[in-house]
Structure formats: C-alpha cells, structure tokens
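First comes the structure, then the notes that go with it.
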Amino acid sequence: MLASRPRTTPLLTRIAACWFGLVVLGFLAYAGHVAYDLGGSSSDRLFDNVGYNAAMLGAAIALILRAATRRRDRAAMLLLAAGLTSWALGDLTYTLLYGGGEAPYPSVSDALYLTFFPLCYAGLGMLIRARFRGVSAAAWLDGLIAGLGLGAVAAGVLLDPILANTGASVAEVATNLAYPVGDLLMFLVVVTAVGLTGWRPEAMWALIALSLIVSVVADTTYLFQVANNTYVEGSWVEPLWPLSGLLLVLALWMPSRPVARPPVEGWRALVVPGAGVSAATTLLFVDHGSVAINTPARLLAAATLVVAVVRISLAFRRSRRMHEQSRSQAVTDALTGLGNRRILIEDLDETIELAGQGDPRLLILFDLNGFKHYNDSFGHPAGDALLARLGGNLEATVAPYGRAYRMGGDEFCALLRPAGAPAEALAAAASAALSETGHGFEIDSAYGMALLPFDADSASEALALADRRLYSNKESRPLGVKRQLRGVLLQVLGEREPALLSHLDGVAALALRLGRHLHLDAEALDVLVRGAEMHDIGKMAIPETILNKPGPLAPEELVFMRRHTILGERILSAAPALQPVAELVRSSHERWDGAGYPDGLAGERIPLGSRIIFVCDAYDAMTAVRPYSPARPPQEALDELARCSGSQFDPDIVDALKAVLTARERATPGGGRELAEFRSS
C-alpha cells in the first residue's frame, strides 16, 4: 500500500521561512541606511545597488518558495511571484544598464516593470475566484462601485499633475501614464475583493491592500519627482518598493479560507460603496464647474454611477422577490404546498361575489379518519409525508374545477366551480383522493358541503355550514369496516361462550366511562372501546376444557391460556382497520411492574388503552359471577385494585376508576345504555 503523499515538504517550508526572515533583515538594514545613514555615506553605492536589488529579488524568491510549499493557490501565487520577479528584474536591469545615466522612454526596465501589472491582475483574479465562491452579485457590485469611485478620485488627483509635467513625447507620456493607470486598476481589483469580505478583510487581503497602497505611494511620488526634476536616488521613496513586495509575500503567508458571503449586512454594508458613489458624484459635479477633470477620471466616475444603477436594480428585484416569497409563505401551507386558511377566506370572499344562480360555487370541508393512529404508529415524519401525498392527490383531483386548501392538522378544503358537474360526485371524488390503505392502517375522510350562493352569503357562514354538515356526516355515516368486523367477531365469540360476551360488554362500558373521564379524543376513545370489547377475542382459539376449567390451571395450560392475547392480535390484524385495536389487545395483560405477558412491558411503555382495559377487566371479573369464584362487592374490588396499584396496575388509572365509580354508579357498573348509545354513534 503506497503511503499518501504529503501536501507540503516540511524542510522546504522551513527553508522558505528562513529565507524570508533573511530578506526581511536585509531590507531592514537597507531601510536603516536610507533613513539613518546606517553604514555611512561610503556605503551608499553598496546599499543603493546591491541592498535594494537584493531586497527586491529576495522578496520575489521568497514568494516562489512560498508557492512551492503550498499546493492550494499555487498557480495564483506563482503568477504573483512572476510579477514581483519581473519588477525586481526591471530594477536590476535599470541598475546594470542605466545606473550611471538617463534611461530612455520606454526602456527595457519599463517593459519589465509594466509586466508586473498583468501578472498580478491574473494572480489576484485567481485568488478572488478561489476565496469568494457563492458570493452574491450584489456583493460583487458593491466592491466594484467602491473601487470605481475611489479610482475616479485617484485618477482626478494624480493624472493631471503627471501629464502637466511630462514632456511632449508620446512614448514618454504613455510610459508615465501606464504606471498610475496600472496602480489604479490594481487598486480597483483589491478594493473589490475587500468589499466582498463585507469590508472586514482578513489578514491576507488587508496586507495585500497595504502592499498596494505602499506601491501606489512609491510610483506616484516617483513620477511627481521625475516630472519636476526633484528625484534623488537613495531617497525615502526607494525602500517603499521592496517594502511593498515583502508585504505581498507576508500576505500570502497568512491563512485564508473561502468566504461564502460578506459577514456584514444591512446599512453597514453600504457605507463603502456609498462612499464610492458619493466620490464619483462629487467628481462629476466639480467637472461641470470651473475645474476640468481628466477623461479617465470622468469615465471612471460615470462607470461608478452606471454600476450603482445596476446595483439598485438588483436590490429592487430582490426586495420584490422577498415580498412575493413572504406573501406566498403567508398564504401557503408549508407541508403540502396547498393554500392555507388565510387565502381560503380571501378566495371565498371573492367567490361569493362572483357566484350566481346560474354559476354556483361549491365549498367542501374534509376531515381525515384514522390519521391519529397512523401518526402514532408510524411517527410524525411519516404522518407529514402522508398529509403531503394526500394533499397532492386532492389538488390533482380538483384542479379542473378549482383549488385545494389545507385548513390545518388533518383537515382539508376545496373551493370549486362545478360548471354543471354534480356536486355530490365532485365531493365523492375529492374524498376518495384523501384515502390511503396499507399494512396496518386505513385512512379515509368525511366531508361537508355548502353550495354558494344558495346556502350562504358570507365566508364565515359558508364555512360554519360546511363544518356542521361535515360532523353530521361523521356521526350519521353507515356502519364502517371496523363496526362490521366487530359484529362478526363478537357474534362468533358469543355463540361459543355467551358468558364471555357479557363480560366483554361490562369491560367495554367501564372503559368508555374511564376514557371519557381521562378526556381521550374521539378516535382514541373509539379504539379503546373496540379494544375492550375484543380484548379476549383470542380465547376463541382456546379449548373449552381450559377456558371453563373450574379449578386452577396446570402450568402448561396456563402457558397456553396466556397465548390468547397474541392470538387475538393475529385475528384482528388480518383487517387493517382493526390494527390499532389489535395493538391494545396484545398488551391488555401487561403489568405495571413488567411481570405481565406476552412482552413483559412495564410502566408507560404499555399503551394507555391497554392499561385502562387491564384495570376494567380486573374490576369486572371480580364483581361478576365466574365458574371458579363468586362475585365480590364493588368496594372490595376497588380495595383489591388499590392494593395492587403500582405493581399490577397503573396507579393513575386505578385512581381514575375510583373517581368514575361514584356511589350511584357502583350499583350499575355495566353502563349498558351508555355503551349502546356509543355503539350507535
């Protein structure tokens, strides 16, 4: 197995760092000679020729070594190193060829100097591209506005004096102008990059900007001095160029990371581009007065304002898009993408105005059946996915006639223009779209309608009427699959064991009272009562010799008897509509302390409905006549439940049962009339 290749060579990195340190020391010695005559006047020639050129070439070599030690940004660093090397060779050529006399315009040195600019533009461009990925167009424009505006001011301040003091030779004028123009363009590039950082540049870009400022000061001062014949070799201007190079090397030694977006937002992000626009506007205002501004400055100022207009257009478009998104979010259900209750009210108000006797509108409200069990069984993410699917089905079904909405939770709505189609047929098709059946679940819907303008003349009245009809539909709908299956199973069990059927009725009636006392919702209460009615349905598979044995069961008989909860679950699970009931039946003999069967569940891991059924089953068994024991008084049964509270039974359920069984109710614990009314609902 080949070893992975290191990204950098540690030895080369140390060599590069040592070399850069030596160059810095050499530069400090040279700068000390210029500023404080270090070494005396006798060493002027040595420092001016050897020291200066050594500092420039040393900085270029240090940058090459830095590029060699770093794979990331290597191409950009090599371009910058090539630019710095070209400048250093220009200095060296000037020393060797023209050190003792006047240089022509343009000279070989000028060609090498000016090569520095395009190489650096390319290198900086690559750095910007690598660092500022995913930055918005607005951020780029902010930086460009600042760069153009400040560049316009610099051109207006610097170019005129240089032109005024430059000879008439076209070559001389072009050469002298190339330097400040190159510096201005470089300045524009760097200011743009700094703008992309949100005007909080990291160390690398801050040092690059400082390097450029030092270079601009050196070039501008040199051109002024040459134009005015005041330039003196070995003056304070000379160390600025190697200082600029060393700052560039130091900048590229700094750690840097890609910037996803400017860290500064809001009004602070507009300060610098605002300054650029202000500078350009002021410059153009001055140009229309008594002071004439040169053409490059005028063009840069105009370009600044053009870019500012583009930036404003982008800001306006973004603001409008955000407003549209905000509006869309305010009237759209995030889960299904359907309209929400707010837009339904708006659409309904408008529809009522448009609806007429010959062109009616149909409002349909839907409520899902079975969704709570689905959510509890499969989890909220699956429940959300189901709502999204059903919402999509509803939208596709009603699309030819109108719009679908989600009111919230498991409630949907449709506002349709029937255009001659039967209202009941449209409602039935939409209701069918809100149904789904799978292993262990069955989802369908009930609905209520209002036909406009016949049934209502306001949005609130239409919704209230459709809502009343929806719940009237739920309460009066024909016997469903669950009720039919319950009737069949209990009839079979009753034919085999009539006494057991009576016991199941007693448990179901008591569970109904207890569930209402605990404020269970309608669906959970329905599942609880069905579970109580059929918690012993598995006993159909138990032999009568075991089921009706007058004495204690043998160990092997007890094991077989305890399988009735699993058998009951299997029987009920054959019908998806009874899956939630099957789950309660399986756990209906689990104990609070975990010693029950078949899974040894304990505490709140036991489904709440199963805990209720277990307590009600025990109470009814104690208060009813059994083949193996006489009936016990209600209070004695309650005392026994209290004694086993916390071990066999859930203490909260036992306490709730005590509250339900008042002195009046103890005489009729079955509650047959109440159970009958519930079954008929």
Side-chain angles (χ1 to χ4, degrees), residues 333 335-345 347-349 351-352 355 360-375 383 386-438 441-484 521-523 526 576-577 680-681:
D333 175 59
L335 179 62
T336 62
L338 302 178
N340 61 14
R341 187 181 186 90
R342 176 177 175 180
I343 191 63
L344 170 64
I345 298 299
D347 290 350
L348 195 52
D349 285 333
T351 296
I352 288 175
R361 301 295 194 273
L362 180 63
L363 173 69
I364 316 173
L365 293 184
F366 304 91
D367 184 74
L368 300 183
N369 299 314
F371 178 72
K372 182 180 184 302
H373 165 65
Y374 184 94
N375 222 24
L386 175 68
L387 291 175
R389 288 197 304 274
L390 296 180
N393 294 343
L394 178 63
E395 184 178 31
T397 301
V398 305
Y401 302 96
R403 187 174 181 181
Y405 308 82
R406 182 184 175 215
M407 306 290 285
D410 59 356
E411 296 181 345
F412 291 84
C413 179
L415 185 57
L416 311 179
R417 184 181 184 183
E424 193 64 46
L426 289 177
S431 179
L434 292 173
S435 63
E436 186 170 312
T437 302
F441 75 94
E442 181 180 29
I443 304 293
D444 60 11
S445 67
Y447 61 86
M449 299 186 295
L451 191 62
L452 310 174
F454 303 102
D455 291 338
D457 54 11
S458 70
S460 58
E461 185 180 350
L463 285 171
L465 177 61
D467 190 61
R468 288 196 302 271
R469 289 175 174 175
L470 163 66
Y471 284 98
S472 176
N473 183 326
K474 288 177 73 75
E475 292 172 1
S476 62
R477 58 183 173 155
L479 291 177
V481 175
K482 288 187 288 186
R483 297 185 184 185
Q484 295 176 34
D521 61 49
E523 188 169 349
D526 181 74
S680 65
S681 65

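Because only heavy atoms are used, hydrogens play no part in the values below, and waters and symmetry mates are left out as well, while side chains stay in.
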| request: Go through the steps for L386 and E436 under the test side chain to side chain contact (heavy atoms under 4.5 Å, CB included), then give the verdict. | output: CA-CA 9 Å; L386 175 68; E436 186 170 312; 3.6 Å; yes
Contact between [X] and [Y] at the side-chain level, heavy atoms closer than 4.5 Å - yes or no?
X: L387; Y: R406; result: yes
X: L434; Y: N393; result: no
X: Y401; Y: P418; result: no
X: L368; Y: S445; result: yes
X: F454; Y: P360; result: yes
X: D457; Y: L452; result: no

| task | Would you sort out whether C413 and F366 count as a side chain to side chain contact (heavy atoms under 4.5 Å, CB included), showing the intermediate values? | result | CA-CA 6 Å; C413 179; F366 304 91; 5.5 Å; no
| said: Evaluate R361 against D455 for salt bridge (Lys or Arg N to Asp or Glu O under 4.0 Å), listing each step before the verdict. | reply: CA-CA 10 Å; R361 301 295 194 273; D455 291 338; over 6 Å; no
| task | State, without any angle test, whether N340 and D333 hold a side-chain donor-acceptor pair at a distance under 3.5 Å. | result | no
| query | Can you find a side-chain donor-acceptor pair between Y447 and D367 that sits under 3.5 Å? | reply |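 No pair is found: no donor N or O on one side chain lies under 3.5 Å from an acceptor on the other.
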Restricting to non-hydrogen atoms, name the atom on [X] and the atom on [Y] that form the minimum distance, rounded to 0.1 Å.
X: L338; Y: A404; answer: CB-O, 3.8 Å
X: A423; Y: M449; answer: O-SD, 3.9 Å
X: A459; Y: D349; answer: CB-OD1, 3.1 Å
X: P400; Y: A396; answer: CD-O, 4.0 Å
X: A450; Y: L465; answer: CB-CD2, 4.2 Å

| message | I'd like to know whether V398 forms a side chain to side chain contact (heavy atoms under 4.5 Å, CB included) with L415, so could you lay out the CA-CA distance, the side-chain angles of the two residues, the decisive distance to 0.1 Å, and finally the verdict. | response | CA-CA 9 Å; V398 305; L415 185 57; over 6 Å; no
In Å, rounded to the nearest 0.5 Å, how long is the span from [atom1] of [X] to [atom2] of [Y]?
X: R389; Y: L394; atom1: CZ; atom2: CG; result: 14.5 Å
X: R342; Y: D347; atom1: CZ; atom2: CG; result: 12.0 Å
X: F412; Y: L365; atom1: CZ; atom2: CG; result: 12.5 Å
X: I345; Y: S460; atom1: CD1; atom2: OG; result: 8.0 Å
X: R417; Y: L426; atom1: CZ; atom2: CG; result: 13.0 Å

| note | Partner of L451 under side chain to side chain contact (heavy atoms under 4.5 Å, CB included), picked from L362, I364, L363, is L362
| said: Please check if the number of heavy atoms outside R403 that lie under 6.0 Å from its CZ is greater than 12. | reply: yes
| Do I443 and T437 pass the side chain to side chain contact (heavy atoms under 4.5 Å, CB included) test, and can you show the C-alpha distance, the side-chain angles, and the key distance before you say yes or no? | CA-CA 6 Å; I443 304 293; T437 302; over 6 Å; no
| field | Candidates D410, D526, D444 - the one meeting side chain to side chain donor-acceptor pair (under 3.5 Å) with N369 | value |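 It is D444; the other options fail the test.
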